[in-house]
Structure formats: C-alpha cells, structure tokens
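See structure below.
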Amino acid sequence: MEESGDVYDVYNINSPTSWEEHQHQKRDDHVDVDCLRRKIKFFFMNPCEKYHARGRKPWKLVLQFVKIVIVTTQLVSFGLSNQMVVTFKEENLLTFKHLFLKDFSDGDMDTYAVYRQADVYEHVRYIITQFGLLHNNTVGNHEYDKNGSAYTPLSLCHEFYRNGSIYSGTETIDIDAEVDTECLNIYPMSPLTQHDALQDFKLHFKRMLSVKVTFVLKAINVQTVQYREMPDCYDFTVLITFDNQVHSGRIKIDLDTDVSINECDNLKLSGVSPRKSYLTVVFDCLIIITCMSSVALCTRSVCKGIRLMLEYVHHSNKHCDREVPWSDKLEFVSGWYIMIIISDTLTIIGSILKIEIQTKVLTSYDVCSIFLGMGTMFVWIGVIRYMGYFRKYNILIVTLRTAFPNVIRFVCCAGIIYLSYLLCGWIVLGPYHEKFRSLDTGSECLFSLINGDDMFPTFKNMKQKSRLVWIFSRVYIYSFVSLFIYMILSLFITLITDTYYTIKQQQQSGAPTSELQKFLSECTDLPKSGVYRLDKNSCFLNCCISRCRKRHERLTSEA
C-alpha cells in the first residue's frame, strides 16, 4: 500500500505539471505560427501597406523611381552623342568609297567588281593616285597619318599561293597550299611616281587570293562644337580588298574602315569648356552609386525572402507534416528583385564603359550601348512590378508568370519542327533560292513566313532550273505556312488565352489557390492595425521574448 501510495502521490504531483506544460507549449506554438504568418504577410505587402504597417518611408521605392529618371537621362545623353559619332563614321566611309573607288556610285557595293586583269591594275593605280591627291580632292579635314615626323605609307599587299600551275583545258592543277604575301609601301609625299612604284609589282592572277590596300587617314569631328562639347580626333584605317578567293573570274572589291577615337592634343576653342565633360563623368559616378545602393537593398530583400522561406518550410514539416511545393517556395524569391539586380549590374558596367569612352580610354560604343540599353530596358520593365500591386492591372503579370512553363514546353516542341524545316530548306532550296542560301537567312525567311510577311517574293524568287526542286519548294512552303500559321500559332494563342481566363476567374472568386495563400488567409490583421510595428506590443518582439523564455525553461529543466 505504501508503494502504491507513493506512486499515487507522484502521479498527483507530476500530472498537473505535465498538463500545464502541454498547454503552455501549445500556446507558444500558436504564438509562433501567428508571428510567422504576420512576418510572411508583411513581406508580401506593397510599399504603401508597409508604410502603414510600420510607418517606415519606402526608400527603396523612391530609389527605384529616382534611378529610372537618371538612367533614362544618361541613356538619352549617350544616344545623342553616339548618334553624332555614328553619323560621322558612316559619312566618312561613304566619302572614302567615292574618293578611292573608281566609278563608284551609291548602292553599287554588292555588285562592285572587276573582271579583267587590266581593270585590276587600273583600279590599284587609281587608289594610289587619289591617295596622293587627297589634299586637292577632299572637301573635309582629312590628313595623312604621321609616325613622328614621317608620314605613314600606303601599304599594297598581294596574297597568293606559293607555287602552282593551273591548266583548265587539260584539267591539270598543281598548287602549294602555303600562302605568300608581297607588300609595297608608297609614301604620300614621295617624288616616286605611281608608274615607278608599280612597275615591279606583278599580280599572279591564277594563284592570287587577294590584293589589299591599307592606309590611315586622320579627321576631326567638329560637329560637336555647336553643342558646346569638346571635339574628338579620329584615325580611320582604310582597307580596300580585291577578293579573288573563289577564282570564278570575278574579283569583288570592298572598302571598310576601322575607327579609333582619340583625345585631341592641341585644342584652342572659344566658347567651349571641358567642364561639361567633367560634369558628365560626375553624373555617371552618381548613377553607379545609385545602382550599387539599389543592388544592396534588393539583395537584402532576396536574403530576407530566403530566410522566410526556410522558416515556412520548417513550420510545414514540423506542424503540418508535408513538403512545401516549389511553386510556393519560389514565391519568396521575387523575380523582380533578381531582374533589378541584373539591370543595375548592366547599368554599372555600361556607366563604367561610358566614363572610359568619355575620357578617351576606350572607343567601344557598341558594347557600351548594349549594356546601357539592356539596363534601361529592364529598369523600365521593372515599373510593371508596381502596377501589379493593383488587382485590375496585374492580370498581364500573373498571366505571363502562370503561362511561362507551358509556353516553354510548347516552344521546345514547335522549335524541333521549325529546325527540321530549316535544315531541309537549307540543303534542298539553298542552291536555287537566295533566301535559303545560309542557315541564318533561311531562319529569317521562315520566321517572316510565320508572321505572314514576304510570302509572294519567297514563292516568286524560286529559280525554275530544276522542275523537281521547284515542285518540292511549293509543297515545302505551303505545308510550312499551313502547319505553323493555322495550327501551331493558333494553339500558342489558345494556350495564352486559356491561362488568361483561368487567372481572371480565380481573381473574381477570390479563393486562395495555393497552400501558402491558404496559410496567409488566416491572418486578418490589416496594415493599419498596429500589430506589425516594432514596439512592446509587437508580434515580432513577443516572438523573440517567447523564444528566449522557452530556451531558458528548457535549460532549467535539463539542469
């Protein structure tokens, strides 16, 4: 009896304590779940709701709008400056074609060629003559390049197979594949006549690969003066090529330039100050600082979202005994923040390149344009994020996000069919149709046909040298147009349309569509309720106190 009584006494003493601990643990778990629910709901609030919830100024929102203004201003300024550079380059290229190419007229570059040996010598002599008469012919400010006190010469180079003999009549050929190069330098102010310069320069037409004429001319872009900007000095490396690699009896002639932009050494300009260039560099530095601040804020938000995702996953595994789907996990990683980080990175790189261009360290306008253009494009696309906070305007964003996985799968399947048509058209129609002569042009032609463009010229330009290939071309084009326009394109539009109507019905019903939304729907606290503020009544502070108290009690019980 004493033993049973002892057991009974122990039971009477310990059982209430266990029941109280169980209730206390249950109450703490409920507080933690409510706290987690409010933290996640606060994370998904828009800037205005966060301002009402905690009273904090939306500095990140203000920074994004300021960034839009200054980045767009930078892009417009760079675009206007780049426009003057491109105009100066293109007009100089056209000037050189008229100065150094015999009987050249606009639009003849694709068909500009020579067919006789005498014409090759005549065109080479014409180039050398025009090079020597540059000062008397040009209406621009072009000058010869100097290396120290001496002028840089014109270089005339002949590339040909080292040894060889070709007899088409007897179908005999004996060629050494090694290529030799012979060059001749001609100085612009030299008293040597062009006859003396070319008398020992012989062309081996049967073995000739190309003849290249290279020289450097200098010019100053003075059109920037009217905009109160410092002018730039240009070095144009002119390359004229007589291409005979095909050996078809037609030698194509092409003229191209390589441009180098330098800072002029001696500038004496009244009314123009370099201060504007310095202010532009300072403005670019301000943009770099702004974008770096934006990257830091967005990175912090991404890290905060990942931490909340881990807490939610832990809660679901512990209390609900279920795995969180990837669709709910990705809700915490905002694609908008990722896009803003990418756009800021592109803008920072583009601004650095722009500063180097402004200081004449680099001349890569094209690379800088790509970085600044893509950065500004993503910045403006990011504005749609703030439109998505309004239910009547976020239908586009939600539809694109929901339909994206299905669109990718659909495009992969359609792309296989597109690639099969492209390869077939290139190998069969390429020899008879100029639009299928290469994979690049063939792809452009097929993509135009999908959009209903250029159909009649595609049919018409097919050469009828082979009746079989001509009939195949008709079947090929008709089947491609019918398959892609009437079937694949219609299915693609239907896929987007069905997603749109599904999203619209879900918005009208207002019912939660995911486990995460169901979890958050139990929190009915409004942003202005005050429970989100970080004060003594704050849920976040109560959670910290509760966790500390539980840790202390656990350590006490273990001791």
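Numbering starts at 1 and runs along the sequence shown.
By the 30° and 60° cut-offs, the orientation of the rings of F480 relative to Y476 is parallel. Ring geometry for F242 versus H123: interplanar angle over 60°, hence perpendicular rather than tilted (30 to 60°). Classified by interplanar angle (parallel below 30°, tilted 30° to 60°, perpendicular above 60°), the ring pair Y418/F484 is perpendicular.
In this structure, R116 CZ and Y121 OH are separated by 14.5 Å, a value rounded to the nearest 0.5 Å. Taking CD1 from I450 and SG from C445, the interatomic distance works out to 10.5 Å, rounded to the nearest 0.5 Å. In this structure, the separation between CG on D366 and CG on L353 is 11.5 Å, given to the nearest 0.5 Å. Atom CG of residue L217 and atom NE2 of residue H142 lie 7.0 Å apart, to the nearest 0.5 angstrom. In this structure, CZ on R207 lies 10.0 Å from NE2 on H247, to the nearest 0.5 angstrom.
Other residues, nucleotides and ligands place more than 12 heavy atoms under 6.0 Å from the CZ atom of F88. Atom CD of E356 sits in a crowded spot, with more than 12 heavy atoms from other residues, nucleotides or ligands closer than 6.0 Å. Remark: F472 CZ is packed, more than 12 non-hydrogen atoms of other residues, nucleotides or ligands lying under 6.0 Å away. The environment of CZ in F205 is crowded: more than 12 heavy-atom neighbours from other residues, nucleotides or ligands sit within 6.0 Å.
Judged by distance alone, the side chain of T87 and the main-chain N or O of M84 form no donor-acceptor pair under 3.5 Å. A donor-acceptor contact shorter than 3.5 Å links the side chain of R474 to the backbone of F459.
In this view, C233 and C264 satisfy the disulfide (SG to SG under 2.5 Å) rule, not counting sequence neighbours. C424 meets the disulfide (SG to SG under 2.5 Å) test with no other residue; sequence neighbours excluded. Considering only residues two or more places apart in sequence or on other chains, T376 meets the side-chain hydrogen bond (donor to acceptor under 3.5 Å, both in side chains) condition with none of them.
Each of L156, I240, I253 was compared with I127 under the side chain to side chain contact (heavy atoms under 4.5 Å, CB included) criterion, and only I240 meets it.
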Verdict with reasoning, I349 to T345, per side chain to side chain contact (heavy atoms under 4.5 Å, CB included)
CA-CA 6 Å; I349 298 175; T345 304; 4.2 Å; yes
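In summary, K67 and D344 engage in a salt bridge, as defined by a charged side-chain N under 4.0 Å from a carboxylate O.
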